[in-house]
Trainee: 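Have a look at the structure that comes next, please.
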2 protein chains.
Amino acid sequence: MACTVQLVARPKDPAVRTQLIERAAAMLRAREPITLRSLVAGTGVSTMAVYTHFEGMDGLWQALRQEGFTRLGARFATVAETPDPIRDLTALCAAYLDHALTHPDLYRVMFDASVDLEDLPAADATLEQLVQAARRCRDAGRFRADVVPLDLAIQSWTIGHGLASLVATGPLPPETLDHGPFLLHALFTACGDDPHGCRVSVEQGWRRPAPDDERSRPA
Amino acid sequence: MACTVQLVARPKDPAVRTQLIERAAAMLRAREPITLRSLVAGTGVSTMAVYTHFEGMDGLWQALRQEGFTRLGARFATVAETPDPIRDLTALCAAYLDHALTHPDLYRVMFDASVDLEDLPAADATLEQLVQAARRCRDAGRFRADVVPLDLAIQSWTIGHGLASLVATGPLPPETLDHGPFLLHALFTACGDDPHGCRVSVEQGWRRPAPDDERSRPA
DNA sequence: CGCTGAACATAGCAGCGTTATGGCATGTAC
DNA sequence: GTACATGCCATAACGCTGCTATGTTCAGCG
């Protein structure tokens with residue numbers, strides 16, 4: 001209809017957006033409280049920039065949540081694919097826990113109370129990587145044929161998130177993570193994997209430091 | 001030394017304290033934002049009461065967290081002990097999930113970012129009930145003798161908290177909880193229980209509505 | 001070149017948790 | 001029986017929060 005009108009405007013600088021997100025992530029890492037004014041202080045921009053780029057603080061938190069899932073996805077991508085899919089699935093779970101514990105504050109933001117439906121695609125993309133690994137496990141014949149990859153992915157996620165959450169934001173000490181291999185081994189053998197081969201796969205997949213790239217960023 | 005002085009004072013009314021945390025719990029259930037002024041509005045007391053009883057809002061949140069663990073403990077107490085300890089342990093996990101999903105907001109408060117060391121005893125008391133159930137499982141000969149009750153309790157908690165957290169504050173739908181029996185069965189058989197008997201025990205323990213007493217409290 | 005309209009800066013607003021101040025009820029001491 | 005000390009609680013103010021209203025600047029098109 002009247003959509004022939006060509007609107008012109010001063011383009012918003014995408015560098016400001018990433019600058020704000022990175023500064024917010026840095027403040028999160030430094031455990032400084034993130035407030036609108038403290039966020040823009042130091043940068044040249046004013047408080048209004050947060051509104052043009054994120055439509056308020058809620059939008060900033062949401063962007064931070066997305067950033068967390070993006071970094072988790074990048075972390076997953078560093079897990080090299082091996083001929084042993086169970087080892088790979090275990091490595092993904094280990095990477096999940098490593099991500100959660102090297103960035104506990106970002107992890108808290110990812111799962112805090114105000115999860116919006118906007119965030120579901122990001123979470124789904126993360127889950128999808130687990131699903132594919134689970135599918136490879138089944139297709140490789142390690143599991144019974146009736147194992148549903150999505151179910152196994154959710155079950156793996158449950159274990160990973162339970163451990164990460166109880167340690168990162170909860171009352172249990174970091175050693176709790178050592179229960180990971182046992183729980184995953186129990187899950188995988190319940191899906192039909194041979195106990196002995198499973199133990200080897202899980203142990204191989206679990207020890208995978210694969211250092212996170214965010215650990216020493218210049219302040 | 002100079003402690004011979006006998007201090008006298010007007011006693012603080014404990015009814016005010018319980019009134020405030022019950023009102024806060026009610027507001028939490030109603031999904032109303034809890035603010036200092038909105039909390040005391042309607043009650044006869046003023047904002048200062050929050051400071052005399054809780055030393056500020058942080059103290060109120062902490063009291064609310066304790067209340068959550070207390071109610072969880074009461075919910076656990078309703079799980080009757082049967083001759084089948086694995087059924088009982090499963091029932092405790094089911095009660096945990098039921099508690100988390102009938103009071104999702106309270107559950108969020110229990111595990112939110114600002115967990116204080118003051119809250120650890122409450123969490124430990126909760127865990128202890130799982131530990132005792134796990135010990136009964138092992139002592140009944142259902143598990144291998146080398147199973148450590150504390151480890152099994154933590155592992156059960158991990159599964160329960162992972163499911164509860166992903167559903168109550170996370171991106172997964174309530175049907176996700178149906179993975180509970182499978183995960184617990186995998187865990188218990190990994191500890192040495194007979195697969196068939198374990199399936200029966202878990203199924204019996206899982207279906208246990210045992211309605212929560214907080215569902216219809218007069219406003 | 002002038003116009004349009006979005007991006008950004010500044011200033012002010014309502015609301016938040018917190019704190020200073022003062023009245024008043026309460027339990028002890030004389 | 002009365003006077004006093006003590007600390008609960010109400011009132012008012014403070015600094016801070018996220019947010020919005022208003023004005024200015026500047027990129028892109030006719």
Side-chain angles (χ1 to χ4, degrees), chain A residues 2-25 27-28 30-65 105 109 112-116 118, chain B residues 2-25 27-28 30-65 105 109 112-116 118:
Chain A
C3 298
T4 57
V5 185
Q6 193 83 1
L7 293 188
V8 194
R10 178 179 174 188
K12 70 173 77 173
D13 187 0
V16 174
R17 183 178 218 274
T18 65
Q19 178 191 11
L20 286 176
I21 290 188
E22 295 218 4
R23 175 162 168 79
M27 294 176 70
L28 218 53
R31 289 194 152 66
E32 303 168 9
I34 295 184
T35 159
L36 176 62
R37 289 171 175 79
S38 70
L39 178 68
V40 299
T43 77
V45 305
S46 87
T47 62
M48 277 305 294
V50 175
Y51 285 82
T52 62
H53 288 280
F54 304 100
E55 298 179 345
M57 285 303 275
D58 285 359
L60 179 89
W61 289 111
Q62 180 179 322
L64 228 40
R65 236 167 359 243
D105 309 277
V109 173
D112 83 345
S114 55
V115 278
D116 197 338
E118 297 275 334
Chain B
C3 297
T4 56
V5 185
Q6 192 84 3
L7 293 187
V8 194
R10 177 182 177 187
K12 69 173 76 173
D13 186 359
V16 175
R17 182 178 220 274
T18 66
Q19 178 191 11
L20 285 176
I21 68 176
E22 292 218 6
R23 175 162 169 80
M27 295 176 68
L28 219 53
R31 290 195 150 66
E32 303 168 8
I34 295 183
T35 136
L36 175 63
R37 289 170 175 79
S38 71
L39 178 68
V40 299
T43 77
V45 306
S46 86
T47 61
M48 276 305 294
V50 175
Y51 284 82
T52 61
H53 287 281
F54 304 99
E55 300 180 345
M57 284 303 275
D58 285 0
L60 179 90
W61 289 112
Q62 181 180 321
L64 227 40
R65 241 174 345 252
D105 309 277
V109 173
D112 83 343
S114 54
V115 278
D116 198 338
E118 297 275 333

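Just so it is clear, the values below take in all heavy atoms, side chains as well, and ignore hydrogens, waters and symmetry mates. Owing to the predicted nature of the structure, the values given are computational and were not obtained by experimental measurement.
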Trainee: What's the closest nucleotide to the B:Val45 side chain, out of D:dT17, C:dC8, D:dA10?
Mentor: D:dA10
Trainee: Can you figure out which of C:dG17, C:dC8, D:dG18 approaches the side chain of A:Met57 most closely?
Mentor: D:dG18
Trainee: Report the nucleotide, chosen from C:dT19, D:dG18, C:dG17, that has the shortest atom-to-atom distance to any side-chain atom of B:Thr47.
Mentor: C:dT19
Trainee: Could you give the CD-to-P distance, from B:Glu55 to C:dG17, as a whole number of Å?
Mentor: 17 Å
Trainee: Taking atom P of C:dC16 as reference, at what distance in whole Å does atom CG of B:Asp58 sit?
Mentor: 16 Å
Trainee: Determine, step by step, whether B:Glu32 and B:Ser38 satisfy the side chain to side chain contact (heavy atoms under 4.5 Å, CB included) criterion, reporting the C-alpha distance in whole Å, the side-chain angles of both residues, the deciding distance to 0.1 Å, and the verdict.
Mentor: CA-CA 9 Å; B:Glu32 303 168 8; B:Ser38 71; over 6 Å; no
Trainee: Rounding to a whole Å, what distance do you find between A:Leu60:CG and D:dT17:C1'?
Mentor: 15 Å
Trainee: Whole-Å distance between D:dG7 C1' and B:His53 NE2?
Mentor: 12 Å
Trainee: Which is true for A:Ser46 with a 4.0 Å heavy-atom rule: it touches a base, it touches only sugar-phosphate, or it touches nothing?
Mentor: base
Trainee: Heavy atoms under 4.0 Å, any strand shown: does A:Gly59 hit a base, just sugar-phosphate, or nothing?
Mentor: nothing
Trainee: Drop me the distance from B:Leu36's CG to B:Met48's CE, to the nearest 0.5 angstrom.
Mentor: 10.0 Å
Trainee: Rounding to a whole Å, what distance do you find between B:Tyr51:OH and C:dG17:C1'?
Mentor: 5 Å
Trainee: Please determine whether the number of non-hydrogen atoms from other residues, nucleotides or ligands lying under 6.0 Å from atom CD of B:Glu55 exceeds 12.
Mentor: no
Trainee: With respect to the phosphate group of D:dC8, does any side-chain polar atom (N or O) of B:Thr52 fall under 4.0 Å of OP1 or OP2?
Mentor: no
Trainee: Can you tell me whether the side chain of B:Arg37 and the base of C:dG15 have a donor-acceptor pair closer than 3.5 Å?
Mentor: no
Trainee: Rounding to a whole Å, what distance do you find between A:Met48:CE and C:dG12:C1'?
Mentor: 14 Å
Trainee: Using OP1 and OP2 only, check whether a side-chain N or O of B:Thr35 sits under 4.0 Å from C:dG17.
Mentor: yes
Trainee: With rounding to the nearest 0.5 Å, note down the distance linking CG in B:Asp105 to CZ in B:Arg31.
Mentor: 4.0 Å
Trainee: Could you tell me the separation between the CG atom of A:Leu36 and the P atom of C:dC16, rounded to a whole number of Å?
Mentor: 18 Å
Trainee: Classify the nucleic acid contact of A:Ile34 as base, sugar-phosphate or nothing, counting any heavy atom under 4.0 Å across all strands shown.
Mentor: sugar-phosphate
Trainee: Looking at CG of A:Leu64 and CD of A:Glu22, how far apart are the two atoms once the value is rounded to the nearest 0.5 Å?
Mentor: 11.0 Å
